[in-house]
Amino acid sequence: MNIFDLDALLLARMQFAFVVSFHILFPAFTIGLASFLAVIEWRWLRTKNPVYKEIYMLWSKIFAVAFGLGVVSGVVMSYQFGTNWSVFSDKIGSVMGPLLGYEVLTAFFLESSFLGVMLFGWNRVSPRMHFISTCAVAFGTMFSAFWILSANSWMQTPQGFETQADGLFHPTSWIEIVFNPSFPYRFAHMVMAAYLTTAFVIGGIGAWYLWHKKHIPHARIMMGMAALMAVFAAPLQVVIGDLHGLNTLKHQPAKVAAMEGAWETETRAPFHVFALPDQEAETNHYDLKIPGAASLVLTHSLDGEVRGLKSFPKEDRPPVAVVFWSFRIMLAIGFAMVATGIFAAVLYARKKLFDSRLYQLWCMMMTPAGFLAVLAGWFVTEVGRQPWTVYGVLRTADSVSPVLPQHIAFSLVAFFTVYTFVFGFGTYYILRLIGKGPGTRADTFEQHSQVATPFIDPRKEGES
Amino acid sequence: MFSFASFIDLPLIWGGLIATAVLLYVLLDGFDLGIGILFPFAPSHECRDKMMHSIAPFWDGNETWLVLGGGGMFAAFPLAYSIVMPAMYIPVIVMLLCLIFRGVAFEFRFKANTSRPLWDHAFHFGSLGATFMQGTILGAYVQGIRVEGRAFSGGAFDWLSAFSVTCGFALVAGYVLLGATWMIMKAEGPLQAWARRCASYILIFVAIFMGIVSLWVPYLDTGIRGRWFSPEWFWWLLPIPLATMGLFVVLFTALRRGRDIAPFLLTLAIFLMGYIGLVVSLWPSIVPYQVSLWQAAAAPESLSLLLVGAVIMLPVVLGYTGYCYYLFRGKVTNESTY
């Protein structure tokens with residue numbers, strides 16, 4: 001397949017999928033990390049225990065790298081709507097524009113301004129003001145999630161607007177637009193996902209330190225806090241996810257049918273553990289199923305009816321296989337997180353939370369779990385919304401910019417190359433910071449900027 | 001559903017707000033992009049570290065004004081956004097890619113050992129490329145965009161012209177002047193002396209480019225020529241070029257007299273004059289010569305809701321942005337930063 005032969009619509013979708021998938025990794029991590037840093041700094045202010053300060057200094061450096069990557073990939077997002085989806089922007093601008101405007105005004109400036117104080121302000125503000133700055137950044141990440149998830153949810157479950165004769169969407173109720181039916185569920189699900197993502201990263205790193213018997217006081221705090229999240233937040237996330245699924249069943253039944261891989265409408269619908277959905281033949285191959293389980297989960301009754309994909313016109317069905325498998329990946333990781341919580345609780349009861357090598361190994365393996373689950377979850381909800389950009393109202397095919405496919409292909413290749421390069425280095429630097437670990441008190445305050453910084457060829461430069 | 005449309009001209013106010021956001025972006029990110037362009041020419045490693053430290057707390061706040069400019073245009077003038085972005089597809093994408101490189105360089109540079117020269121280059125070429133593309137986009141925008149119905153109807157390379165490329169070079173010179181005068185304000189000793197030499201040198205280029213662009217713009221469109229040279233407007237508009245010329249003279253003497261802060265403020269004023277000149281030329285279109293502010297505006301209900309947010313939030317945003325600049329005031333040192 002030659003990428004330069006594809007049509008503009010597919011290329012624009014590939015590009016958006018790529019840049020937004022890349023971008024979401026950073027907010028998913030920084031939402032949780034900002035709150036974590038606020039808690040750590042609060043503990044430091046209360047206890048004056050230097051271990052907290054050292055943990056803060058380590059993770060705030062990592063936060064800075066992740067936030068920087070989030071900012072640069074986010075600037076790209078704010079222009080993608082115009083460059084690749086200009087018809088969509090023109091039609092829904094009056095409805096969705098204000099939500100994005102509020103995101104910039106309430107969140108982006110708050111985060112980026114106080115991040116400067118957080119990173120560079122130690123000698124210039126009081127500890128109290130520094131703590132306020134950390135909290136401001138944490139609130140900024142929340143406000144940002146609020147507005148962008150409201151906008152995304154409106155595209156999933158649109159209401160509070162009317163379509164005018166010229167095809168433009170006109171807002172009729174802001175309350176209905178902002179608090180559209182799927183928004184509360186998606187917001188809770190995503191914020192919880194972000195917290196869990198961060199918790200599993202921090203827990204995994206703590207486990208790695210303990211495994212190597214390094215930085216033990218720091219590692220115990222990190223692992224302990226992560227275990228708390230796994231014990232309490234992971235099961236809660238399963239409950240929120242279930243409620244979110246029921247909400248989707250009500251408003252986007254075709255998406256749920258694709259998630260379940262259900263072709264026929266039936267009672268006692270099975271849950272397909274494994275299957276290869278076939279969009280053309282309208283059936284599943286190699287089907288392994290649990291009878292009645294889908295009905296039980298979705299309707300909370302064995303005899304509940306689950307609507308199948310065949311009851312939707314062919315042109316209104318999402319790509320089934322992608323949605324089906326992303327959903328299973330997300331579920332599997334979710335339950336692995338719950339299992340981590342149970343494991344931790346059992347160890348804690350036996351007073352062995354920090355001693356079990358097996359648990360440490362398990363936590364290390366789970367380090368990237370949150371990122372995978374977040375990506376899989378977004379694939380479920382976004383691919384599951386297809387073939388619509390605004391569900392049931394505006395088709396993806398009618399949203400794309402009048403730009404030549406070659407240009408989209410070219411920019412897609414460019415984004416892919418640049419992101420891979422930059423992301424590779426970013427990950428490498430984060431891993432190196434982790435490898436160095438939390439410094440002793442002396443290096444926390446002494447900085448590394450005194451190192452000579454050769455540019456091009458240091459031998460040619462005499463003055464330094 | 002509330003709307004203020006019955007008693008205020010919402011598109012006009014929003015045009016003013018977006019124009020202000022773009023101006024603030026140009027002024028604020030302008031100096032840090034300028035630092036990036038000057039970066040490899042600095043006299044020593046310590047100087048480069050100081051240059052970086054002088055902008056590290058501000059750069060992502062500065063870049064947020066670009067998001068507000070883009071996001072604000074999407075929100076307030078969706079039609080203009082959906083015409084201009086496809087028209088500028090290539091330069092916008094290249095600019096974004098350049099901004100990625102120079103943005104990550106801030107973090108990566110201080111964490112790299114052997115790969116540090118790579119991020120020094122990324123910072124320099126990213127800043128240079130982003131600036132040149134911004135100038136080119138501005139030039140292409142001023143030149144005009146072909147529109148049919150509600151969409152861009154021109155070719156993929158309409159943006160590329162002698163005028164737009166000239167604007168690209170002009171903006172590079174302008175941002176270098178902003179960066180150099182910022183460094184005069186923030187540095188001492190050899191770095192300051194070097195920044196002063198840079199500013200005096202690039203000042204000449206800025207003056208020449210501003211002259212060329214100012215004389216060229218009236219020949220792009222008869223409407224612009226008519227406005228600047230019409231009998232009823234001429235005398236009212238004459239102070240803009242005269243004040244600009246005056247500012248150049250004052251800036252020149254301020255540099256000669258070794259002033260610290262005045263050169264930066266004077267450069268901001270020169271940018272402001274150039275910007276006012278552009279606004280006068282383009283008024284009242286938001287897609288030059290095709291679509292006016294009023295035609296491109298979002299629904300009055302949307303503009304009203306946004307206005308409530310802007311009236312409350314913009315002073316708050318400006319307040320804490322000012323607080324951050326105040327906090328990191330004074331000469332930059334090599335004190336603990338990263």
Side-chain angles (χ1 to χ4, degrees), chain A residues 64-65 68-69 71-72 75-76 78-79 81-83 86-87 89-90 93-94 97-98 100-102 104-106 108-109 112-113 115-117 120-125 170-174 401-404 407 411 414 418 422 425-426 429 433 445 447 449-450 452-456 461 463-464, chain B residues 1 40 43-46 48-49 56-58 60-61 63-64 66-68 70-72 74-75 78-79 81-82 85-86 89-90 92-93 96-97 99-100 103-104 106-108 110-111 116-117 120 150-152 156 298-299 301-302 305-306 309-310 313 317 320-321 324 327 334-338:
Chain A
V65 176
L69 287 164
V71 168
V72 292
V75 175
V76 171
S78 73
Y79 285 84
F81 295 117
T83 51
S86 64
V87 178
S89 305
D90 181 26
S94 288
L100 303 186
Y102 269 82
V104 183
L105 287 170
T106 58
F108 291 166
F109 282 112
S112 55
S113 299
L115 178 66
V117 183
F120 310 112
W122 281 108
N123 301 332
R124 290 175 185 260
V125 294
H170 195 96
T172 54
S173 161
W174 291 117
S401 290
V403 177
L404 291 175
H407 292 188
S411 56
V418 169
V422 165
F425 270 99
Y429 292 132
L433 284 171
F445 293 104
Q447 302 295 325
S449 58
Q450 285 84 2
T453 59
F455 187 86
I456 309 174
E461 302 209 16
E463 289 176 58
S464 54
Chain B
M1 285 297 280
S44 68
H45 311 317
E46 287 103 275
R48 277 192 279 279
D49 283 351
F58 309 120
D60 50 10
E63 214 163 87
T64 306
L66 183 65
V67 181
L68 185 64
F74 174 41
L79 177 61
Y81 179 78
S82 66
M85 291 304 149
Y89 192 86
I90 296 171
V92 165
I93 300 275
L96 294 171
L97 292 170
L99 286 177
I100 290 174
V104 297
F106 282 93
E107 285 302 325
F108 288 3
F110 288 105
K111 289 172 179 73
R116 186 171 288 196
D120 283 340
R150 297 181 72 86
F152 169 59
E301 291 84 356
S302 311
L305 179 74
L306 274 167
M313 287 312 298
V317 167
Y320 60 65
T321 305
C324 289
L327 201 60
N334 257 347
E335 70 173 291
S336 60
T337 43
Y338 270 91

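Quick caveat: nothing in here was measured; it's all calculated off a predicted structure. Order of the sequence lines fixes the chain letters, A, B, ..., with proteins taken first and strands second; residue numbering starts at 1 for each chain.
Ranked by heavy-atom pairs under 4.5 Å with chain B, the list A:Val71, A:Val422, A:Leu433, A:Leu115 is led by A:Val422. Contacts with chain A were tallied for B:Gly70, B:Ala298, B:Pro86; B:Pro86 has the most, counting heavy-atom pairs under 4.5 Å. Chain B forms the most heavy-atom pairs under 4.5 Å with one residue out of A:Pro402, A:Gly101, A:Pro98, and that residue is A:Pro98. Of the residues considered (A:Val87, A:Val117, A:Leu69), A:Val117 shows the highest number of contacts with chain B, using heavy-atom pairs under 4.5 Å. Heavy-atom pairs under 4.5 Å with chain A were tallied for B:Ser82, B:Gly103, B:Ala75; the largest tally goes to B:Ser82. The choice from A:Ser113, A:Gly68, A:Gly121, A:Ala414 that makes the most heavy-atom pairs within less than 4.5 Å of chain B is A:Ser113. Between chain A and the residues B:Ala299, B:Gly72, B:Gly71, B:Ala156, the most heavy-atom pairs under 4.5 angstrom are made by B:Ala299. The candidate with the highest count of non-hydrogen atom pairs below 4.5 Å against chain A, out of B:Leu66, B:Thr321, B:Leu99, is B:Leu66.
The nearest pair of heavy atoms linking A:His407 to B:Ile90 is CE1-CD1, 3.7 Å. The two residues A:Phe81 and B:Tyr81 make their nearest non-hydrogen contact at CB-OH, 3.6 Å. Across all their heavy atoms, A:Ser89 and B:Pro78 have their closest contact at O-CB, 3.5 Å. For the pair B:Met85 and A:Gly82, the tightest heavy-atom approach, listed with the atom from each and the gap, is CB-C, 3.2 Å. Among all heavy-atom pairs drawn from A:Val72 and B:Glu63, the shortest one is CG1-OE1, 4.5 Å.
Only the side chain of A:His170 comes within less than 4.5 Å of a heavy atom of chain B; its backbone N, CA, C and O stay farther away. With a threshold of 4.5 angstrom between heavy atoms, A:Leu105 approaches chain B through its backbone and through its side chain. For A:Val76, the parts lying under 4.5 angstrom from a heavy atom of chain B are both the backbone and the side chain. Looking at A:Thr106, the atoms closer than 4.5 Å to chain B (heavy atoms on both sides) sit in the backbone and in the side chain alike. Both the backbone and the side chain of A:Phe109 come within contact range of chain B, each with at least one heavy atom under 4.5 Å from a heavy atom of that chain. Using a 4.5 Å cut-off between heavy atoms, A:Val65 contacts chain B through both its backbone and its side chain.
In this structure, the separation between OG1 on A:Thr83 and CD1 on B:Ile93 is 4.5 Å, given to the nearest 0.5 Å. Distance check: A:Asp90 CG to B:Phe74 CZ gives 10.0 Å after rounding to the nearest 0.5 Å. Here A:Ser112 contributes atom OG and B:Phe58 contributes atom CZ; the two are 12.0 Å apart, rounded to the nearest 0.5 Å. Distance CG/B:Leu305 to OH/A:Tyr102: 4.0 Å, rounded to 0.5 Å.
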Q: Apply the test side-chain hydrogen bond (donor to acceptor under 3.5 Å, both in side chains) to residues B:Tyr89 and A:Ser411: give CA-CA distance (whole Å), side-chain angles for both, the deciding distance (0.1 Å), then the verdict.
A: CA-CA 9 Å; B:Tyr89 192 86; A:Ser411 56; 2.9 Å; yes
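Aromatic ring orientation, B:Phe108 versus A:Phe425: tilted (interplanar angle from 30° to 60°).
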